[in-house]
2 protein chains.
Amino acid sequence: MANIRDLAKEAGVSVATVSRVLNGHPYVSEEKRKAVWEAVEKLNYSKNIQAVHLAKGRTAIVGVMLPYIHHPYFSAVIEGISKEALRYGYQLLLFQTNYEVERELEALERLRMRQMDGLIVCSHEVDWEVFDAYQEDGPIVLCEQVERYDFFTVYIDHYQAFVRALRYLIKKGHRRIGYCIGRTTGPNSQARAAAYQDVLREVGALPRRQWVFDGCLFLEDGKRVMEQWIAMEERPSALLVTSDQVAAGIVLHARRIGVRIPDELAVIGFDNDPLAEMLGITTVALPHFTLGERAFRLLHHWLETGRVARKQEELPAQLLVRDTA
Amino acid sequence: MANIRDLAKEAGVSVATVSRVLNGHPYVSEEKRKAVWEAVEKLNYSKNIQAVHLAKGRTAIVGVMLPYIHHPYFSAVIEGISKEALRYGYQLLLFQTNYEVERELEALERLRMRQMDGLIVCSHEVDWEVFDAYQEDGPIVLCEQVERYDFFTVYIDHYQAFVRALRYLIKKGHRRIGYCIGRTTGPNSQARAAAYQDVLREVGALPRRQWVFDGCLFLEDGKRVMEQWIAMEERPSALLVTSDQVAAGIVLHARRIGVRIPDELAVIGFDNDPLAEMLGITTVALPHFTLGERAFRLLHHWLETGRVARKQEELPAQLLVRDTA
DNA sequence: GCTTGACTTGAAACGCGTTTCATACATTAC
DNA sequence: GTAATGTATGAAACGCGTTTCAAGTCAAGC
């Protein structure tokens, strides 16, 4: 493989001149410019991008840390990130973690090793404090709400979103309200749990342990929830559900076993998945795609200017009333 | 940032020794090994991975070219690739193309520039011939069937899969059969089209232009198909549908507008999406996840050994009869 | 006592593009 | 006529880890 020195020899110029031509710098005579391009052609030259990265100290690569890819939520976020990355000429390096701490640390280490210019964390398991140690290695944007203000974050206010949905149910007369979440430890889930406690306490309704369904991530989990629900002695009259996928599972299984929705059970999902629209599921629309876009933009703006307009950005959620609640 | 030379100075050894320690090579005295690790600690050293890439001429990065991410098919394939990549210590660099030739070429150029060790192409728009020019720049694995045998490919035999589904419908007495596809140009779609022509001709049934529904990719498209279907004077009695997502759209909209499935319209989907199971949709199970896994393994095996067991690998599809056909 | 093989270690070359600095000529400015 | 600019170009340093090669030490083998 020819390198830039071979090229210089072939074209009868210095490597500096070759570099100038290759990068479109001014101050190169037309004559030499032509000679260089001819040499490129002749030697079938192509830059070694690794050498460029090393020399420049930048890569125009952004890392994306996320637990899974094959999941409507995360794939929507990446799609948003990807769209913006494409626009600004950045590439994406994927770090799938399965929520394993080991893998999350690996991604952070890669940031330290300067493999990428910045990192977008879609979701994580390790404590925030861990990120502290890596702040100086490159900008990190979190896609979740954190209490501290020294992180870059773009987030949806899940507390408010949950509150809004709860208030709606309460206004409709519901007092026996339950909810489903994905994993208990995530900040989103904790925000939802807090909202649940707060709002129910406010109206004197009682939160119940057994009305909280954990581990609800996929369509199939909705079926499971419905089965548990039907087997209960005291059933909630309404459920706030992790995602529309899970809500769809609930609604579809309810139809099959003849549970009337919303009369016997009101259901509100989250996301505004096409499936929710199709099934007429009342849902809280969450701008996942936009979340990804904004996360990238925040990172990009920082990378290009070294300054920020703001470190935190909150995205709105909107309740869409349809037929299930 | 400290580099390996600072480290050598600090530890009082040569850079070669530092490199040996850092890479766990044998033949280093315990004493020096310790000194090096202490220096690493003291200087808070971290390798510059770009320098490693440059020096080694390898990156342990695999590129993944695909049109979209937020799509059940592609996100399943990546998930499979990702799982195997994780296992073998490789990283994934994403190239989202939106089926734009420009972007596909960009990905191939990156392979030339040695940004990654190999490339997995999930789907593409450019002609195969284009790939020829890049074959020498690194192994390329295609996830689609190609006629030529000098490519690495892992694929599902869509022709056979379609034939099987068609035969099943025919055995059930259907003669007026239509189908939905995503985009006409893809090899998968063309295989399906060919199967359609062949099988229908075989039994003397007539293929009809207006029974082919193009541009069916998402759930919503199923609704559109159903609306078109209902408006037809001569309706097909059965439809083979791009994916279970689209099939679900058809089935759900049919339910809403009171079309009886499978009596008035039989539907067979593809993929074996959880949604298909939930809705009882008869489908042809396609091993997308496995496809990704195998694609990575093929690439990996080549990268590590420089040899191949086989260049082509075909994955089976299986008809799962449920309630819609 | 000498050969042989295993173990240690460092200098230097290598992979390769970018960038700075110095040099030199040609203009333009005053 | 001289200073100040602008244009053009190359040598060399820089970013930094890996690897080869030569050389040296030491214990085991004959």
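What you see is a predicted model, and the numbers here were worked out from it, not measured in a lab. Each chain gets a letter, A, B and so on, in the order the sequences are listed, and its residues count up from 1.
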Residue list, salt bridge (charged side-chain N to carboxylate O under 4.0 Å, His left out) with A:Glu314, at least two apart or on another chain = none

Angle, rounded to 10°, between the helical axes spanning five pairs at each terminus of the helix from C:dG1-D:dC30 to C:dC30-D:dG1?
-> 30°

side-chain contact (heavy atoms from CB on, under 4.5 Å) involving [X] - partner list, sequence neighbours excluded:
X        : answer
B:Phe218 : B:His71, B:Glu220, B:Asp221
A:His301 : A:Thr305
B:Lys42  : B:Glu10
B:Pro139 : B:Phe152, B:Leu299, B:Trp302, B:Leu303

Classify every nucleotide of nucleotides 13-28 of chain D by which part a protein heavy atom approaches to under 4.0 Å, writing B for the base, S for the sugar-phosphate alone and - for neither, in 5'-to-3' order.
-> --BBBBBB--------

Can you list every pair that meets side chain to side chain donor-acceptor pair (under 3.5 Å) and has a residue in residues 53-63 of chain A, with sequence neighbours left out?
-> A:Thr59-A:Asp117

Are any protein N/O atoms closer than 3.5 Å to N/O atoms in nucleotides 4-8 of chain C? If there are, list each pair with its distance.
| unit_1 | atom_1 | unit_2 | atom_2 | d |
| --- | --- | --- | --- | --- |
| C:dC7 | OP2 | B:Tyr27 | OH | 2.4 |

With sequence neighbours excluded, tell me which residues meet side-chain hydrogen bond (donor to acceptor under 3.5 Å, both in side chains) with A:Glu104.
-> none

Which pairs count as ring pair (Phe, Tyr, Trp, His ring centres under 6.0 Å) when at least one residue sits in residues 10-46 of chain A, sequence neighbours excluded?
-> none

Does any pair with a residue in residues 89-116 of chain B pass ring pair (Phe, Tyr, Trp, His ring centres under 6.0 Å), and if so which ones, sequence neighbours excluded?
-> B:Tyr68-B:Tyr99, B:Tyr90-B:Phe296, B:Tyr90-B:His300

Is the backbone N or O of A:Glu100 less than 3.5 Å from a side-chain atom of A:Asn98, with the two atoms forming a donor-acceptor pair by type?
-> no

